[in-house]
Amino acid sequence: MTVTPVDFATITGLKVGGEPIPFDSGIHNDRAALKWFLRKVPKIEKGMVRYDQFTRYLQKEVTTKREAEQLARAYLLYLFGASLYPSRHSKVHLSYLPTLRNLRTASRFD
């Protein structure tokens, strides 16, 4: 079953339509940025991360607001890859991370 943009908007609360998504095609080279966004640096293959790496985030209990935001970013990045931008190799490109910098304003992007 394919998740449509309307389904995604309903599930996540993010709207369909808005500003273009900001990309950073070189973010996978910035270890400090990846730690800030995701708490740890995932195993990266050509700027992409396999979906199964994000399931580990769901198994870890969060204790701070920052960890909760990092978990939310990991989950949304997983949804981007699995729902909106699927690949044949079950991977998502890390270039979408800048969209999730501020979770309160992420809904303004298309």
Side-chain angles (χ1 to χ4, degrees):
M1 177 177 171
T2 302
V3 176
T4 68
V6 174
D7 295 332
F8 183 82
T10 302
I11 292 167
T12 64
L14 302 174
K15 67 182 179 180
V16 177
E19 298 176 28
I21 293 176
F23 293 98
D24 182 352
S25 60
I27 197 165
H28 63 279
N29 295 318
D30 188 344
R31 295 181 65 80
L34 293 175
K35 282 185 178 183
W36 184 85
F37 277 108
L38 299 172
R39 185 174 30 185
K40 65 178 188 170
V41 178
K43 183 178 176 189
I44 302 167
E45 304 168 21
K46 297 182 182 177
M48 301 180 88
V49 175
R50 294 188 58 80
Y51 301 157
D52 61 359
Q53 291 189 58
F54 295 113
T55 60
R56 294 183 201 127
Y57 282 89
L58 301 176
Q59 297 170 1
K60 192 162 189 162
E61 190 172 327
V62 297
T63 58
T64 66
K65 180 180 176 185
R66 182 173 177 165
E67 287 178 347
E69 289 176 350
Q70 291 167 325
L71 174 66
R73 285 187 195 99
Y75 181 67
L76 288 170
L77 189 61
Y78 164 79
L79 283 178
F80 286 176
S83 304
L84 296 178
Y85 312 108
S87 74
R88 295 182 304 164
H89 306 291
S90 298
K91 297 178 187 174
V92 62
H93 206 286
L94 292 170
S95 62
Y96 300 113
L97 275 175
T99 306
L100 305 172
R101 176 172 282 124
N102 184 340
L103 295 174
R104 288 176 178 59
T105 60
S107 64
R108 73 175 187 228
F109 299 114
D110 184 2

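Linking ILVMFWY side-chain heavy atoms closer than 4.5 Å, directly or via other members, places Leu38 and Tyr51 in a single hydrophobic cluster. In this structure, Met48 is not a member of the same hydrophobic cluster as Phe80, with clusters built from ILVMFWY side-chain heavy atoms closer than 4.5 Å. In this structure, Ile44 is a member of the same hydrophobic cluster as Leu77, with clusters built from ILVMFWY side-chain heavy atoms closer than 4.5 Å.
Heavy-atom neighbours of Tyr96 OH from other residues, nucleotides or ligands within 6.0 Å: above the threshold of 12.
Inter-residue side-chain proximity for Thr99 and Leu76 is flagged as unmet; no heavy-atom pair is nearer than 4.5 Å.
In this structure a side-chain-to-backbone donor-acceptor pair under 3.5 Å is present from Gln70 to Lys35. Under a 3.5 Å cut-off, the side chain of Arg73 and the backbone N or O of Arg101 do form a donor-acceptor pair.
In plain terms, the two heavy atoms of Ile27 and Phe37 that are nearest each other are CD1-CE1, 3.6 Å. When all heavy atoms of His93 and Ser25 are compared, the closest pair comes out as CE1-O, 4.3 Å.
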| message | Test side-chain contact (heavy atoms from CB on, under 4.5 Å) on Lys43 and Arg50; report intermediate values, then the result. | response | CA-CA 8 Å; Lys43 183 178 176 189; Arg50 294 188 58 80; over 6 Å; no
| field | Trace of the side-chain contact (heavy atoms from CB on, under 4.5 Å) decision for Leu94 with Val49 | value | CA-CA 7 Å; Leu94 292 170; Val49 175; 3.6 Å; yes
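A donor-acceptor pair shorter than 3.5 Å can be found between the side chains of Thr4 and Asp7.
Here the straight-line distance linking atom CD of Glu69 with atom CG of Leu100 works out to 11.0 Å at 0.5 Å rounding.
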